[in-house]
Amino acid sequence: MVYTVGVAGAGTMGAGIAQVCAQQGLRTLLYDVNTGLAHQALANIRKTWETLEAKGKLTSEQVAGAVDNLQVVAQVQQLKSDLLVEAIVERPDIKQELYRAWEEANSEEALLVSNTSSLSIDVLAATLRHPQRFAGLHFFNPAPLMKLVEIVVGRKTPDEVVATLKNFCERIGKVAVVVKDSPGFIVNRVARPFYTEAFDMLDRGVVLPAALDAALRNAGFKMGPCELTDLIGQDINYAVTGGLYESFDRAERFTPSEAQGRLVREGKLGKKSGEGFYAYAK
Ligand SMILES: NC(=O)c1ccc[n+]([C@@H]2O[C@H](COP(=O)([O-])OP(=O)(O)OC[C@H]3O[C@@H](n4cnc5c(N)ncnc54)[C@H](O)[C@@H]3O)[C@@H](O)[C@H]2O)c1
């Protein structure tokens, strides 16, 4: 059973995951290497809860409970939890360094999951002291709204861990789908042509971002590819495409886009940096 959740990374995904867990009654510890950012995320989450209360979607008791449940910690060593959800920068070396520090501070029974979009669960598990406690738990953006969570099963992930993760997902109101560790898991692989075809059109100069988004939105998609990747983070989306490209022997259908690569190099990562395909008020 999971009673206390640690969330590492207070960026786009970590903040959303922490919000969901605390709101659903779990004691939640939020950690970021940039403690100021974690406190900012906490303030934003509290503001969201106030808005939900004002709209009648949460009661004042629910908000008070959620506020009580969520706490920022300044050190990895304070992330003592039954489950750690890692949602930090998409770099295997940095993730593995965090796992090492977390494993030292937690018992062998505690579970560890990564929210990675593009890295192999087996590769991430390679340096763990206890790889049998590890899996992928892939939330979607924005985590408080998106129902789906992919449970990504590595070679060493036992059935009991999958069962505990299924329970956990149910407890926090998510729909869990189990998939074996493979490039892009389910959604990021199947949805890839939506991005690569759209960005190929940008690369060829046949359409502009606003027209592309308007076309897809009015054809029935919830968001167009440019606005959606601005929400996701251009760096994250680009890394997923690059991962699939390399995993499938540089298959043409997964070729990363020049326009998107340029945005990433220029630090135009989307909403989180204030500019991507579009500019955003800070
Ligand atoms: N953005 C998405 O739509 C999305 C969706 C699903 C999964 N993911 C995955 O979630 C993870 C996080 O993505 P994001 O979009 O939230 O990134 P982000 O850039 O918004 O946030 C990452 C956070 O990690 C922190 N961080 C970096 N190194 C750290 C360390 N050593 N210890 C603690 N914190 C550290 C950063 O300060 C930052 O706040 C990635 O693995 C990504 O692939 C992202």
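Position 1 is the first residue of the sequence; numbering continues from there. Being a predicted model, the structure only gives us computed values, none of them experimental. The basis for the numbers below is simple: all heavy atoms, side chains too, and nothing from hydrogens, waters or symmetry mates. Order of appearance sets the numbers: ligands from 1, and atoms from 1 within every ligand.
Near Phe139, the atoms of ligand 1 lying under 4.0 angstrom from a non-hydrogen atom of the residue are 5 (C), 6 (C), 7 (C). Residue His138 has at least one heavy-atom neighbour below 4.0 Å for each of these atoms of ligand 1: 6 (C), 7 (C). Applying the 4.0 Å criterion to heavy atoms of Lys272 picks out, from ligand 1, the atoms 18 (P), 19 (O), 20 (O).
At a heavy-atom distance under 4.0 Å, only side-chain atoms of Tyr31, from C-beta outward, approach ligand 1. Contact annotation: for Asn115 versus ligand 1, heavy atoms closer than 4.0 Å belong to both the backbone and the side chain. Contact annotation for Val89 and ligand 1: heavy atoms of both the backbone and the side chain come within less than 4.0 Å of the ligand. When heavy-atom distances to ligand 1 are checked against a 4.0 Å cut-off, Ile88 comes that close through both its backbone and its side chain. Under 4.0 Å from ligand 1, not a single heavy atom of Glu97 appears.
For the pair Met13 and ligand 1, the shortest N or O to N or O distance falls below 3.5 Å. Some N or O of Lys95 is nearer than 3.5 Å to an N or O of ligand 1, by distance alone. No N or O atom of Ala8 sits closer than 3.5 Å to an N or O atom of ligand 1. Polar contact with ligand 1: absent for Ser118 (N/O pair, distance under 3.5 Å). The shortest N/O to N/O separation between Thr12 and ligand 1 falls below 3.5 Å. Where the criterion is an N or O separation shorter than 3.5 Å, residue side chain and backbone included, Glu86 fails it with respect to ligand 1.
Counting protein heavy atoms only, atom 13 (O) of ligand 1 is closest to Ile236 CD1, 3.7 Å. If you check which protein heavy atom lies closest to atom 41 (O) of ligand 1, you get Glu90 OE1, 2.6 Å. For atom 1 (N) of ligand 1, the nearest protein heavy atom (residue, atom name, distance) is Ile232 O, 2.6 Å. In terms of protein heavy-atom proximity, atom 7 (C) of ligand 1 is closest to Ser117 OG, 3.0 Å. Scanning the protein heavy atoms around atom 37 (O) of ligand 1, the nearest turns out to be Asp32 OD1, 2.7 Å. Regarding atom 34 (N) of ligand 1, its nearest protein heavy-atom neighbour is Val33 N, 3.2 Å.
There is a side-chain donor-acceptor pair under 3.5 Å between Thr241 and Arg192. When only modelled atom types and interatomic distance are considered, Glu53 and Thr59 share no side-chain donor-acceptor pair under 3.5 Å. Using a 3.5 Å distance cut-off with no hydrogens or angles, the side chains of Asn69 and Thr28 do not pair a donor with an acceptor.
Salt bridge status for Asp122 with Arg155: present, with a side-chain N to carboxylate O gap under 4.0 Å. Note on Lys95 versus Glu86: salt bridge recorded, some NZ/NE/NH1/NH2 to OD/OE distance being below 4.0 Å.
Within a 6.0 Å sphere centred on CD of Glu170, heavy atoms belonging to other residues, nucleotides or ligands number 12 at most.
Tested against Lys272, the residues Asp235, Asp230, Thr12 include a single side-chain hydrogen bond (donor to acceptor under 3.5 Å, both in side chains) partner, Asp235.
The six-membered or imidazole ring of Tyr238 lies away from that of Tyr195, with a centre-to-centre distance of 6.0 Å or more.
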